[in-house]
Amino acid sequence: MIFRKTLNSFTHYPALWFCGIYSLGIICGRYFLDLIIYDWLIYSAVSLGFIALFLYFRMKHFFLAVIFTLIFILGALSIYQSLARFDTNQLTVTGTKRVNSFRGWISETHYRKDGDHQYVLKLIAVQRDSQWQSASGKILLKQRRLAGRLEYGSTISITGQPEQPPLPSNPGEFNYRRYLQLNDIYYQFYLNDEQDYEILPGERGSFWQHYLIQPLRNNILSILDHNVPEPAVDVLKALILGERQDIDQSILKNFQRSGVIHVLAISGLHVGFILLIFLMIFSIMNLGYRLKIVLTLVFLFIFVALVNFKAPVVRASIMAAIYFLAKLTERRGNSLNIIGVAGIIILTFDPRQLFQAGFQFSFAAVGSILYGYPKLIGLLPKTSQLKWASVFNRIIGRPFIVSLAAVLGTAPLTWYYYGTFQLGALLINLLVIPAIGLLLISSLIMLAIAATGLGLANHLGYLINAFFTAILSIIQFFSSLPFVQIDLPDPPILAVLFLCLAVFLFFKLDNVRRFIYPIIAVSYTHLTLPT
């Protein structure tokens, strides 16, 4: 019976099963890294591949078990290859004990208004005992308010010794070193004096980054700075380009406490708005369906490149591309399978993404909406019984169910990472997400007007700032309410896993209405009884 149910589930959601088992292999490989014998895993994977071919033709009942084991081993191999095996000239292998100078080129730029810019340097060579030798790896450069700034592709030579990022001083604090290591950065260096570095002749980097992505990115930042006042301009940089380093800390705190901090992180929400905008533009131009979809995906790829291929955007873009390709080929794609395909693609190229909070929140939110929404929709009033139910469900009810599914699905992660439960997000998302969508759309219109040279962009920028001020007032009001965020003690991992199981079982209830209505009634009676 169990095998039949498993086979039936696998038949309907093969990509989701593959992604889950591959992820489980990555997790086990990560936490048992020291016990892994790489050659044995290779031999096991090759052997299981031949066994799977044999069983597929002879004994299909055992074929699935062998395939699952093979995928599990491939997951463990991928994380081992990523974390434990480096090039012989990688800085994590050679160490930095005797490094006097190093050379590299700027592969990422993150500018700040206060001049404390940050860059990612890809190493070319290091100097040891007056001798240069080739090296690889990444170093985070932190510039301390020096005159000028470094540009993408610049080749520089730096005098000094890079150091490892600091570890958290207290248990439970954000592990900055681990965060950087998951992004392939193992060392950092502070540029305190212009004499620390020398810009060398020659540039590196891709043709597209030099002549399309970076100029477009710089133009967008320049237009925003010249046409939109603060604080709206800092938030728009986060919404459009993922650059939120200039946002005032008090604004970030209000967004976080009210449960809408996710709108400031480039994610699937922004991909949805970008798709909607370009689909509307190409529909107005009366283009053919196929051409409209192809052009939309091309501009979506440019957007992904603009935000440095952040994992949530890549995930959402892959899902969108698979969905539209299925439409073009007249095939019906299952939404949960599409999530599985996106996960497999991302984790195949970079299995460390599985341990990134943004990756986890992204998949948890989308997965819980797609899986939980059909289960929770029964909570809404029946349109056949109440005349007003249809309008209520369309305007308030269904968006609330989407918000509820997302909040429940991400509740274990919110508890684990932040020690809170965002109760206020259930309501404020209904107001803020549509408002942020209008803010983003109006900002893109302003960028298009500014690119044409018309003088209307500055006036529209002031209107955008006024609109954002109204949004910020709503967020500040919600963040001041006592019940909007419930602070919880730091959980053990077993408690987080138990909560995940509880949310899943809640979604699995055959009739959620029968289960939740008595709880609401009892809670209401308890709260209204005189004390």
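Numbers for residues simply follow the sequence, beginning at 1. What you are looking at is a predicted structure, and each value in this text was computed from that prediction instead of being measured.
When only modelled atom types and interatomic distance are considered, S78 and Y22 share a side-chain donor-acceptor pair under 3.5 Å.
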Return a table of donor-acceptor pairs under 3.5 angstrom between the side chains of residues 101-110 and protein atoms on other chains or two or more places apart.
unit_1: S101; atom_1: OG; unit_2: Q127; atom_2: OE1; d: 3.3
unit_1: S107; atom_1: OG; unit_2: V120; atom_2: O; d: 3.2
unit_1: E108; atom_1: OE1; unit_2: H110; atom_2: NE2; d: 3.2
unit_1: H110; atom_1: ND1; unit_2: E243; atom_2: OE2; d: 3.4

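With contacts defined as side-chain heavy-atom distances shorter than 4.5 Å, the pair Y462/P229 qualifies.
In terms of modelled atom types and a separation under 3.5 Å, the side chain of N227 and the main chain of I223 share a donor-acceptor contact. In this structure, H210 contributes its side chain and E203 its backbone to no donor-acceptor pair below 3.5 Å.
A salt bridge links D184 with R352: the closest approach of a Lys/Arg side-chain nitrogen to an acidic carboxylate oxygen falls below 4.0 angstrom.
Every residue was checked against the side-chain hydrogen bond (donor to acceptor under 3.5 Å, both in side chains) condition with S473, not counting sequence neighbours, and none meets it. By the ring pair (Phe, Tyr, Trp, His ring centres under 6.0 Å) test, F363 pairs with F359, sequence neighbours left out.
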For side-chain hydrogen bond (donor to acceptor under 3.5 Å, both in side chains), just list the numbers for Y417 and Q360, CA-CA rounded to whole Å, side-chain angles, deciding distance to a tenth of an Å, and then say yes or no. CA-CA 11 Å; Y417 283 106; Q360 296 167 14; 2.7 Å; yes
Before you tell me yes or no, could you show the steps for D234 and R244 under salt bridge (charged side-chain N to carboxylate O under 4.0 Å, His left out), namely the whole-Å CA-CA distance, both residues' side-chain angles and the distance that decides it to 0.1 Å? CA-CA 7 Å; D234 300 328; R244 69 184 213 183; over 6 Å; no
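Environment of CD in Q131: sparse, with no more than 12 heavy atoms of neighbouring residues, nucleotides or ligands closer than 6.0 Å.
Using bins of under 30°, 30° to 60° and over 60° for the plane-to-plane angle, the ring pair F207/Y211 lands in the tilted bin.
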